[in-house]
Each structure stands twice: as C-alpha cells, then as structure tokens.
There are 2 protein chains.
Amino acid sequence: MPRTRKTEFTSSDNCIAEYAKALAHPARVAIVRLLAQKQTCICGDIVDELPLAQSTVSQHLKALKDAGLIQGSIDGTKVCYCLHTEALQQIRDLFGNLFDRLIDHSCC
Amino acid sequence: MPRTRKTEFTSSDNCIAEYAKALAHPARVAIVRLLAQKQTCICGDIVDELPLAQSTVSQHLKALKDAGLIQGSIDGTKVCYCLHTEALQQIRDLFGNLFDRLIDHSCC
DNA sequence: AATATTCATCGTAATTTTGCGATTAAATAA
DNA sequence: TTATTTAATCGCAAAATTACGATGAATATT
C-alpha cells in the first residue's frame, strides 16, 4: 500500500522556523543582544560593533524588522532601533512549548 | 577619524546562530516536535509525517544531527532517532539569557 | 543465495542567502 | 544654497540551502 504523505507544514512550525531563520546569522544575534543590553536605542552604532559593511548590516536590520523582532524610528538623519518585545515574548513561548516537555526522554 | 570595526562575532553569537539555523526550516522544527511528542524514538516514520521525499528528510535529519539536536541509533535496517536533551537544554539557556533581560525596554 | 526493506549518500538543478561597493534619499550643518 | 551625514536600496557575484531521483550499503526475509 503506497503511503500517503502530508502536503504542508503546520503554521506553528512555519512560524517557529521563520523566527529561527531571523536569528540564524551571528550578525543578527549580535544585533538583538546589543539591543537587549543597551537600555538606550542604538542606531548606526550597530555598524561599528559588527565586522560587516554598512550596507550588509542594513540588510540584516531589514531582515530582523521583516521578522518583527525589531522596530526602527527615524530621528533626524539617524534611525533608532529597539526590540519588539511582544515578538520576543512570542518566541520565548513558542520555543518553550517546543522544548518544555522533553526533559527526561532518553530513549536511544 | 576612521572607525575601527570588529573582526569577528563572539562564539556565543555564533553558537546561537548555529542552533537557530538548525531550526530555520519547518521540516526540522516538525522533526524536533515529533520527537518531543512521541516518547518512543521514531525513525523512518518521520518521512511519512513530512511532505518531503525520503532523501530530503534524511538531509534534514543529518542537519539536526550535525547541530547536535538529535541522535540516531541503528536497529536492524531501521534507525531510531531521539532528541539530545543536553543540547536542547543549552538552547533554552542561551535563548533565555538572550531574551530575559529585555522585558520592559520600550524605547522607540 | 536471492530478494526486499531501510536509510544514507551522490549528483544536480533551482532558489535563497550573504556580502560589498555604488548610488540614492532625507535631514542637518555650513 | 551647498555640502555633509546617515541609512536604505540597487546591482551583482559568490556561497549556501533546498529538493529530488538515482544509487549504494547494510540488514532482514524468503
């Protein structure tokens, strides 16, 4: 009997994967950590903290913004970025739900 | 004055990014969730649960194994996979440290 | 021994990601 | 007004990811 196969991933799995993809590069992790550490919203100083060109950092900022992890607000010629708390809370919840129930399953 | 630029990412950021990359595809998230739900170690049944060809699923399993998230043990012609608890604990810790301190920073 | 099952690996194509310099747009400063 | 600063976007090249069928290796079954 030929086996039937699922046709899609669940929206939860897609959502988690999308968030994970947003953090799947050390530059983007560094940006998030920077914004988490400094209580003030940093902007172009992020570029100075990363071993990448300005245009590349801008791309990573856009990726984080598209994923909903950060927000940017214009202040003169500068742009001030900060974390989007609700999204990060959701990430914590999603990853928590994913991992919480597996504390003592050593089956191999 | 020309600005100095960092030359590397921290090992912590690299580590988090690597873990995030392992979960940056819905198929791999689905595999982890499957292994977290079933207390028994599943093997090729994973293929039937995913909308992907066997060879593709095998690649995703390898990616998860290379990242240290799962382990596989051979049982006859079958292979039994299970989660690698320590790595998942480390992920929880790393992401927890990254996100914990940012509860009430709304600066934008 | 011959066949079947299970799963990893190979080879390849299509797509996505990453990175940079150059350019552009917008606001400020001179 | 004319420069200068800041940051986004464009265009492009290199690398990585994703997906599949075909093949191979190992064990189990007949």
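Heavy-atom basis, side chains included; hydrogens, waters and symmetry copies ignored. Every chain is numbered from 1 and lettered A, B, ... according to where its sequence line falls, protein lines coming before strand lines.
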> Can you tell me if CG on B/D66 sees more than 12 non-hydrogen neighbours from other groups inside 6.0 Å?
Replying inline: yes

>> If I take atom CG in residue B/L61 and atom P in nucleotide C/dT9, what distance separates them, rounded to the nearest angstrom?
In response: 11 Å

> Atom CG in A/L52, atom CD in A/Q59: separation rounded to 0.5 Å?
Replying inline: 10.0 Å

> Looking at the side chain of B/R28, which of D/dT18, C/dG19, D/dA7 is the nearest nucleotide?
Replying inline: D/dT18

> Is it the case that B/N14 and B/S11 place a side-chain donor and acceptor less than 3.5 Å from each other?
Replying inline: no

> Does OP1 or OP2 of D/dT18 have a side-chain N or O of B/T56 closer than 4.0 Å?
Replying inline: no

Identify all side-chain donor-acceptor contacts of residues 16-25 of chain A below 3.5 Å with residues at least two apart in sequence or on another chain.
residue: A/Y19; atom: OH; partner: A/Q90; partner atom: OE1; Å: 2.8
residue: A/H25; atom: ND1; partner: A/A27; partner atom: N; Å: 3.0

> To the nearest 0.5 Å, how far apart are OH in B/Y81 and CD1 in B/I42?
Replying inline: 12.0 Å

> Roughly, in whole Å, what's the span from CD in B/E18 to P in D/dA16?
Replying inline: 13 Å

> How close or far is atom C1' of C/dT15 from atom CD of B/Q59, stated in whole angstroms?
Replying inline: 14 Å

> Counting just side-chain N and O atoms, does A/K21 come under 4.0 Å of either OP1 or OP2 of C/dT17?
Replying inline: yes

>> When you measure from the side-chain N and O atoms of A/H60 to the phosphate of C/dT17, is any distance below 4.0 Å, counting only OP1 and OP2?
In response: no

> What's the spacing between B/D13 CG and A/R28 CZ if we round to 0.5 Å?
Replying inline: 12.5 Å

>> Can you measure B/L52 atom CG to D/dA19 atom P for me and round it to whole angstrom units?
In response: 5 Å

> In whole angstrom, what separates A/D66's CG from D/dA8's P?
Replying inline: 12 Å

>> Using a 3.5 Å distance criterion without hydrogens, assess whether the side chain of B/H84 forms a donor-acceptor pair with backbone atoms of B/G68.
In response: yes

> C/dT18 C1' sits how many Å from A/L50 CG, rounded?
Replying inline: 14 Å

>> Let's see if you can work this out: which of C/dC7, C/dT18, C/dC20 has an atom nearest to the side-chain heavy atoms of B/K78?
In response: C/dC7

> Between B/Y81 and C/dT6, does any side-chain N or O lie under 4.0 Å from OP1 or OP2?
Replying inline: no

>> Measure CD1/B/I70 against P/C/dC7 and give the value in whole Å, please.
In response: 13 Å

>> What is the separation between atom CG on B/N14 and atom P on C/dT18, rounded to the nearest whole Å?
In response: 13 Å

> Along nucleotides 22-30 of chain D, 5' to 3', which nucleotides get a B, which get an S, and which get a -, given that the test is a protein heavy-atom distance under 4.0 Å?
Replying inline: B----BS--

